[in-house]
Amino acid sequence: MADYDGLAYDGRIEALREMEYPMLKDSDTYLDHAGTTLYAKSLVDEFAADMTANLFGNPHSASGSSQLSMARIDDVRVQVLQLLNADPTEFDVVFVANATAGIKLVADALRSAPAGFSFMYHQACHTSLVGVRQESRASICIDTETVQNWVDGAPLPDEITSAGTPLLFGYPAQSNMDGTRLPLDWSHKLRRRKDIPLGLFTLLDAAAYVATSPLNLGDSESAPDFTVMSFNKIFGFPDLGALVIRKDAMPVFQHRKYFGGGTVDMVVCVGEQWHAPKSQSLHEALEDGTLPIHSIVALGIALAVHRRLFGTMTDISLHTSYLAQRLQDKLDHMRHSNGRRVCKLYSPAVKHLDGSVVAGPVVTFNLQDEVGAWISLTEFEKTAVLKGFHIRTGGLCNPGGVAAALDLMPWEMKRNFSSGFRCGDDNDILEGKPTGTIRVSFGAMSTISDVDRFVAFVHEFYRSSDGSTFNQLRDETRSTSVPDLVVASITVFPIKSCGGFHIPEGRPWEVKTEGLAWDREWCLLHLGTSQALSQKRYPHMALLRPCIDFDNGVLEVSYIGEIPKHLPSKITVPLSPDPAYFDSCDTTKWRTSRVCGEEIVAHTYTSATINNFFSEILGVPCLLARFPSGGQGQSMRHVKAQLQQHQAGYHKTKRRVPGAFPTEINTPPDSDSEVDQRRMLLSNESPLLAINTASLRVLNMEIRKRGGKSVSADVFRANIVLDSPGQEDDLLAYTEDHWSALTIGNYRFQMLGSCRRCHMVCIHQDTAAKSEEPFATLSKTRRFNGKVFFGTHMCYAAPGNLEEAGALKASAPMIRVGDRVSADC
């Protein structure tokens with residue numbers, strides 16, 4: 001609208017948010033509207049009222065409830081066309097599950113044609129559009145310059161013109177990756193070409209575009225043949241999509257083979273196989289099965305509520321563009337104290353100099369520290385989650401857009417995959433390049449305060465000031481001797497991610513190659529996915545307290561929270577893995593499971609008493625499982641911890657490849673004998689984890705400086721806590737970064753590298769309550785190469801000398817609380 005007043009409009013949106021979006025708590029900032037936007041309370045309330053006031057039946061009947069459903073569906077179909085300014089005589093709407101389902105419907109129809117089809121797609125396409133290539137006879141990925149050349153008359157590639165098939169051209173109206181908007185008139189201009197004998201059809205993915213902008217299909221001659229959209233991206237609810245079809249393109253569906261539900265007028269099965277598809281309207285022939293009646297009813301309400309709350313799509317477009325431009329400007333001008341940019345932006349400018357909107361309300365970027373190193377997406381997301389930001393990171397389901405933005409060549413992406421990288425992987429910086437991006441996207445209910453809150457967050461956690469850095473290290477000029485360490489506590493965690501069992505002072509505890517005895521031998525597996533449960537998702541696991549009862553030979557598990565009355569106060573599990581110790585209902589069976597992304601094979605307990613105890617307390621269907629000590633085959637896990645770049649000795653572990661590579665890189669061993677394959681059970685990265693209380697006390701000082709409360713050692717879930725009584729903390733804090741080995745009592749342990757932390761350390765181990773600390777402070781004081789570290793991984797170093805090994809063979813290695821500890825630096 002010409003008289004759009006950004007501040008006034010924003011103020012109106014702020015005023016309605018508390019009433020219409022109560023799911024947004026004070027600490028929540030929702031910035032992932034390109035994924036799905038938020039639904040208004042009015043929408044849900046009016047839908048609920050409509051559902052309880054009216055009876056909606058299956059539309060394939062003459063009953064009153066059926067006729068009411070058909071009337072509503074017909075009305076909403078017209079309303080969708082009105083939203084797009086599309087003439088019902090020239091367009092039809094087919095309701096589908098989502099935009100992807102609409103794309104697949106077009107691909108299935110073209111595949112069924114006698115000659116098949118060829119496919120050209122823009123590099124900014126979402127994977128849902130990229131996937132069409134698998135159904136085509138020939139396909140090619142192209143950039144904007146190439147399309148524009150074809151629009152201007154350049155010949156199409158030989159592999160397309162020589163295929164002798166219809167050609168489908170697919171592209172997004174707006175990139176879901178960076179907000180780039182592509183010319184909507186490409187459809188019209190390419191359709192005029194005469195060098196495709198069987199015709200050229202255009203498929204527009206409008207899902208990202210129509211979420212915040214008006215799409216005008218008023219001129220059917222210039223409109224795309226097929227347009228797909230997802231209504232949850234506009235209204236938040238319902239989860240429904242639409243395929244909008246130019247009626248001139250109807251012949252594409254004449255060879256479609258599948259039919260189902262009411263899409264046919266007659267079907268003959270007995271004696272002959274024949275059917276007659278419905279032909280009165282295109283949507284009747286394509287909407288297989290019973291329509292999602294209630295979702296379509298909700299869509300009609302959503303259209304009305306959205307207009308009432310936010311005005312026109314033009315109003316929304318101007319507002320969200322203003323927000324995106326504000327964020328883009330602030331991130332672009334943010335600098336570290338040394339002048340380096342904090343953000344590498346990938347999104348184009350939202351507006352032209354004349355004020356016209358040329359890109360969507362999406363700001364995509366990556367973060368760099370004061371020396372130019374990339375910030376890990378995983379680490380960024382951990383901090384963002386703690387601070388209440390709902391945001392998207394990674395590949396964004398847009399392989400072409402991400403590859404172009406990050407300058408990732410196909411061979412690099414394949415190399416990353418071969419090295420083990422997968423979408424959502426924690427290891428998201430490979431060979432000096434990020435593998436994904438951070439995306440902020442705005443919706444109709446976004447406000448200026450959302451922008452400013454996010455900018456303040458980036459400034460606080462990722463911008464260095466006054467020459468300071470985020471790296472807190474021991475001063476190398478200070479003494480490296482650590483003569484007076486002692487073991488302050490020893491803890492085992494029999495069930496992965498549950499509470500710990502503290503070893504009584506004076507009791508000797510066995511150390512095995514794979515860790516402390518009884519540490520992380522059990523886990524809880526999700527009944528459906530077989531994935532090991534974690535406190536990060538189920539924080540009340542911290543309140544499940546195991547106790548090892550050697551006298552009775554059982555692991556006793558109790559819950560320190562409120563227990564449902566019908567459950568026992570505790571359950572017991574035999575320590576012996578021998579099935580003979582189980583009664584008939586406690587026999588075990590094997591189950592393939594996943595722990596920390598690795599596939600393992602574990603015993604699962606079939607006792608209803610045991611499994612119901614855990615399932616009902618945690619509110620998730622799960623099974624108790626046991627990982628065989630030592631492991632074999634798929635049950636074998638190996639240490640993943642390694643020295644980090646901020647640690648002494650790091651560069652000694654690197655091997656330089658002779659030849660063309662100028663930088664040092666990790667290379668895999670040439671054979672299994674080149675490295676020691678250290679085993680572990682169900683711990684994340686190493687057999688043992690230790691923390692230094694001097695470091696903890698210094699960390700707590702930093703937390704208190706920032707107005708927070710000190711945290712206990714328990715939140716770090718260390719097996720061994722080391723203390724240095726009577727010595728100065730500032731001298732001994734973080735000396736563990738530079739230890740190469742420890743001797744505890746008579747036994748030697750090798751240091752394996754610093755422990756990378758996640759926000760599981762923010763779960764109070766006695767209450768299961770979540771807070772921001774200590775991760776918020778760690779992310780400011782202990783971040784190296786974009787990752788956050790605290791504590792150190794280690795393992796028992798078995799004697800290498802045969803005589804020494806023989807002397808110790810008669811007795812297993814034992815450690816105790818109070819043992820003296822010496823460190824090698």
Practice item. Please test Glu20 against Ser42 for side-chain hydrogen bond (donor to acceptor under 3.5 Å, both in side chains), starting from the C-alpha separation and ending with a verdict. Key: CA-CA 6 Å; Glu20 291 292 346; Ser42 293; 2.4 Å; yes
Exercise for review: Let me see the working for Phe237 and Phe47 under ring pair (Phe, Tyr, Trp, His ring centres under 6.0 Å), right down to the final yes or no.
Suggested key: CA-CA 10 Å; Phe237 175 78; Phe47 175 60; 5.5 Å; yes
Review point. Please walk me through it: do Asn149 and Thr146 pass side-chain hydrogen bond (donor to acceptor under 3.5 Å, both in side chains)?
Key: CA-CA 5 Å; Asn149 288 339; Thr146 303; 5.4 Å; no
**Study point:** side chain to side chain contact (heavy atoms under 4.5 Å, CB included) between Asn416 and Thr435, intermediate numbers included
**Key:** CA-CA 9 Å; Asn416 293 346; Thr435 57; 4.0 Å; yes
Practice item. Begin from the C-alpha positions of Thr312 and Asp315 and carry the test side-chain hydrogen bond (donor to acceptor under 3.5 Å, both in side chains) through to its verdict. Key: CA-CA 5 Å; Thr312 68; Asp315 297 337; 3.3 Å; yes
Practice item. Might you work through the side chain to side chain contact (heavy atoms under 4.5 Å, CB included) test for Ile316 and Thr320, ending with a clear yes or no? Key: CA-CA 6 Å; Ile316 295 168; Thr320 54; 4.2 Å; yes
Exercise for review: Test Asp108 against Lys257 for salt bridge (Lys or Arg N to Asp or Glu O under 4.0 Å), laying out the working first.
Suggested key: CA-CA 9 Å; Asp108 287 345; Lys257 295 179 180 178; over 6 Å; no
Check your understanding: Yes or no on side-chain hydrogen bond (donor to acceptor under 3.5 Å, both in side chains) for Ser118 and Thr165, after CA distance, side-chain angles and deciding distance?
Key -> CA-CA 6 Å; Ser118 299; Thr165 64; 2.6 Å; yes
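Panel note: side chain Ser139, backbone Ser136; no donor-acceptor pair is recorded below 3.5 Å. Side chain of His526 to backbone of Thr529: a donor-acceptor contact under 3.5 angstrom is found. Between the side chain of Ser321 and the backbone N or O of Leu318 there is no donor-acceptor pair closer than 3.5 Å. When atom types are taken as modelled, the side chain of His390 and the backbone of Asp28 share no donor-acceptor pair closer than 3.5 angstrom. Side-chain atoms of Lys233 come within 3.5 Å of backbone N or O of Gly35 as a donor-acceptor pair. The backbone N or O of Gly260 sits less than 3.5 Å from a side-chain atom of Thr263, completing a donor-acceptor pair. In this structure a side-chain-to-backbone donor-acceptor pair under 3.5 Å is present from Ser63 to Ser66. Looking at Arg191, its side chain does come within 3.5 Å of a backbone N or O of Ala223 through a donor-acceptor pair.
Figure legend: cation-pi geometry between Arg256 and Phe253 absent, as NZ or CZ is not positioned both under 6.0 Å from the six-membered ring centre and within 45° of its axis.
Scanning both residues, Ala40 and Leu309, for their nearest heavy atoms gives CB-CD1, 3.7 Å.
Taken to the nearest 0.5 Å, the CG atom of Leu345 stands 10.0 Å off from the CG atom of Asn366. With rounding to the nearest 0.5 angstrom, the CG atom of Leu217 is 8.0 Å from the CG atom of Asn85. Atom CG in Leu215 sits 5.5 Å away from atom CG in Leu84 (nearest 0.5 Å). How far CE of Met70 is from NE2 of His60: 7.0 Å, rounded to the nearest 0.5 Å. The OG1 atom of Thr29 lies 9.5 Å from the CD1 atom of Ile391; values are rounded to the nearest 0.5 Å. Note that CG of Asn176 and CZ of Arg439 are 5.5 Å apart. Values are rounded to the nearest 0.5 Å.
Ion pairing between a basic and an acidic side chain is recognised when a charged N comes within 4.0 Å of a carboxylate O; Arg72 and Asp50 show such pairing. A salt bridge between Glu287 and Arg77 is present, with a side-chain N of the basic residue lying under 4.0 Å from a carboxylate O of the acidic one. Under 4.0 Å is where a charged nitrogen must lie from a carboxylate oxygen, and between Arg308 and Glu46 at least one such pair does. Using a 4.0 Å cut-off between charged nitrogen and carboxylate oxygen, Arg17 and Asp450 count as a salt-bridge pair. Classification of Arg246 and Asp92 as a salt-bridged pair fails, no side-chain N sitting under 4.0 Å from a carboxylate O.
Between Phe389 and Tyr30, the ring center distance fails the sub-6.0 Å criterion. A centroid separation of less than 6.0 Å is found between the aromatic rings of His306 and Phe235. Between His283 and Phe95, the distance from one ring center to the other does not fall under 6.0 angstrom.
When the shell of 6.0 Å around CE of Met23 is examined, it contains more than 12 heavy atoms from other residues, nucleotides or ligands. Residue Lys247 places its NZ atom among more than 12 non-hydrogen atoms of other residues, nucleotides or ligands, all under 6.0 Å distant. More than 12 heavy-atom neighbours from other residues, nucleotides or ligands sit within 6.0 angstrom of CG on Asp152.
The aromatic rings of Phe201 and Phe226 lie tilted to each other, with the angle between the two planes from 30° to 60°. Aromatic ring orientation, Phe56 versus His294: perpendicular (interplanar angle above 60°, classes split at 30° and 60°).
Among Tyr209, Tyr121, Trp186, the single residue meeting the ring-ring contact (aromatic ring centres under 6.0 Å, His included) criterion with Tyr171 is Trp186.
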